[in-house]
K.L.:
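Below is the structure I would like to discuss, written out as structure tokens.
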Amino acid sequence: QVQLVESGGGLVQPGGSLRLSCAASGMIYSINVMGWYRQAPGKERDMVAEITSDGITMYADSVKGRFTISRDNAKNTVYLQMNSLKAEDTAVYYCNLGEYGIDYWGKGTLVTVSS
């Protein structure tokens, strides 16, 4: 089993920045994909950014140029640096780890972008 714990959410003004962190623990293999998804009220959960264990990244078009995903394999931790935040970025952000066909999810952290 794998446990994921997110941190770093909160309230920020439009144009501001936040950094999310997700620490993974448990049975973690060296080859995996970690990522961030988000779900706004009344909407489906969508991929925001992903990063493979060897550092290949993928971003949703809506966050390209504003968000940066990174990871520390030694700490089994993934980060999401979010800059130039917009009201439409408001959502619950979930950490995901996928390995060998199994997906694990964190409980989520709320990000609210509002003045």
K.L.:
Quick check: does any side chain N or O of E99 sit under 3.5 Å from a backbone N or O of I31, one acting as donor and the other as acceptor?
P.N.:
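No; zero donor-acceptor contacts below 3.5 Å.
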
K.L.:
Quick check: do V78 and L80 have side-chain heavy atoms less than 4.5 Å from each other?
P.N.:
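No; the side chains remain at least 4.5 Å from each other.
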
K.L.:
Begin with the C-alpha distance, continue with both residues' side-chain angles, and end with the deciding distance and a verdict on side-chain contact (heavy atoms from CB on, under 4.5 Å) for Y104 and M34.
P.N.:
CA-CA 9 Å; Y104 299 95; M34 296 188 77; over 6 Å; no

K.L.:
For residues Y37 and L97: do they belong to one hydrophobic cluster (side chain heavy atoms under 4.5 Å, members Ile, Leu, Val, Met, Phe, Trp, Tyr)?
P.N.:
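No, because Y37 and L97 fall into different hydrophobic clusters, even though each may have its own neighbours under 4.5 Å.
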
K.L.:
Could you tell me which non-hydrogen atom of S17 sits nearest to which non-hydrogen atom of S84, and how far apart they are?
P.N.:
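The pair with the smallest heavy-atom distance is OG-N, 4.4 Å.
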
K.L.:
Do Y94 and L20 share a hydrophobic cluster, counting only Ile, Leu, Val, Met, Phe, Trp and Tyr and linking them when any side-chain heavy atoms are less than 4.5 Å apart?
P.N.:
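Different clusters.
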
K.L.:
Can a donor-acceptor pair be found, under 3.5 Å and without considering hydrogens, that links the side chain of E6 to the backbone of C22?
P.N.:
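A pair under 3.5 Å: no.
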
K.L.:
In terms of ring plane angle, is the pair Y93 and F67 parallel, tilted or perpendicular, where the classes change at 30° and 60°?
P.N.:
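Y93 vs F67 ring planes: tilted.
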
K.L.:
Does E44 CD have over 12 foreign heavy atoms under 6.0 Å away?
P.N.:
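For E44, atom CD is not crowded (no more than 12 foreign heavy atoms under 6.0 Å).
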
K.L.:
Can L4 be reached from Y79 by stepping across I, L, V, M, F, W or Y side chains whose heavy atoms are under 4.5 Å apart?
P.N.:
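Each belongs to a different hydrophobic cluster.
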
K.L.:
For Y59 and A49, which heavy atoms make the closest approach, and how far apart are they?
P.N.:
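Heavy atoms of Y59 and A49 come nearest at CD2-CB, 3.6 Å.
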
K.L.:
Quick check on the hydrophobic clustering: are W105 and L110 connected, directly or via other members, by side-chain heavy-atom contacts under 4.5 Å?
P.N.:
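Yes.
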
K.L.:
Please tell me whether N96 and R45 have a donor and an acceptor in their side chains that are separated by less than 3.5 angstrom.
P.N.:
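Per modelled atom types, N96 and R45 side chains form no pair under 3.5 Å.
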
K.L.:
Does M47 CE have over 12 foreign heavy atoms under 6.0 Å away?
P.N.:
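Correct, the count exceeds 12.
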
K.L.:
Drop me the distance from T52's OG1 to R71's CZ, to the nearest 0.5 angstrom.
P.N.:
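Here the rounded value is 7.0 Å.
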
K.L.:
Hey, any chance Y100 and V2 share a hydrophobic cluster, counting ILVMFWY side chains that come within less than 4.5 Å of each other, even indirectly?
P.N.:
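No; V2 is not reachable from Y100 via cluster members.
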
K.L.:
Kindly compute the distance separating CG (L18) from OG1 (T112), expressed to the nearest 0.5 Å.
P.N.:
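It is 9.5 Å, given to the nearest 0.5 Å.
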
K.L.:
Please report the C-alpha distance between W36 and C95 in whole Å, then the side-chain angles of each, then the deciding distance to 0.1 Å, and finally whether the side-chain contact (heavy atoms from CB on, under 4.5 Å) criterion is met.
P.N.:
CA-CA 5 Å; W36 291 93; C95 179; 4.1 Å; yes

K.L.:
With rounding to the nearest 0.5 Å, note down the distance linking CD in Q81 to OG in S21.
P.N.:
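Here the interatomic distance stands at 9.5 Å.
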
K.L.:
Applying the side chain to side chain contact (heavy atoms under 4.5 Å, CB included) criterion to M82, which one of I69, V113, T68, V111 satisfies it?
P.N.:
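Among I69, V113, T68, V111, the one that satisfies the side chain to side chain contact (heavy atoms under 4.5 Å, CB included) with M82 is V111.
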
K.L.:
Using salt bridge (charged side-chain N to carboxylate O under 4.0 Å, His left out) as the criterion, list what pairs up with R19, not counting sequence neighbours.
P.N.:
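R19: no salt bridge (charged side-chain N to carboxylate O under 4.0 Å, His left out) contacts found.
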
K.L.:
Would S53 and N32 count as having a side-chain donor-acceptor pair, cut-off 3.5 Å?
P.N.:
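Judged by distance alone, the side chains do not pair up.
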
K.L.:
Going through the distances and angles, do T90 and S114 end up as a side-chain contact (heavy atoms from CB on, under 4.5 Å)?
P.N.:
CA-CA 8 Å; T90 295; S114 175; 5.9 Å; no

K.L.:
Can you list every salt bridge (charged side-chain N to carboxylate O under 4.0 Å, His left out) pair that touches residues 28-40, not counting sequence neighbours?
P.N.:
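Only R38-D89 qualify under salt bridge (charged side-chain N to carboxylate O under 4.0 Å, His left out).
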
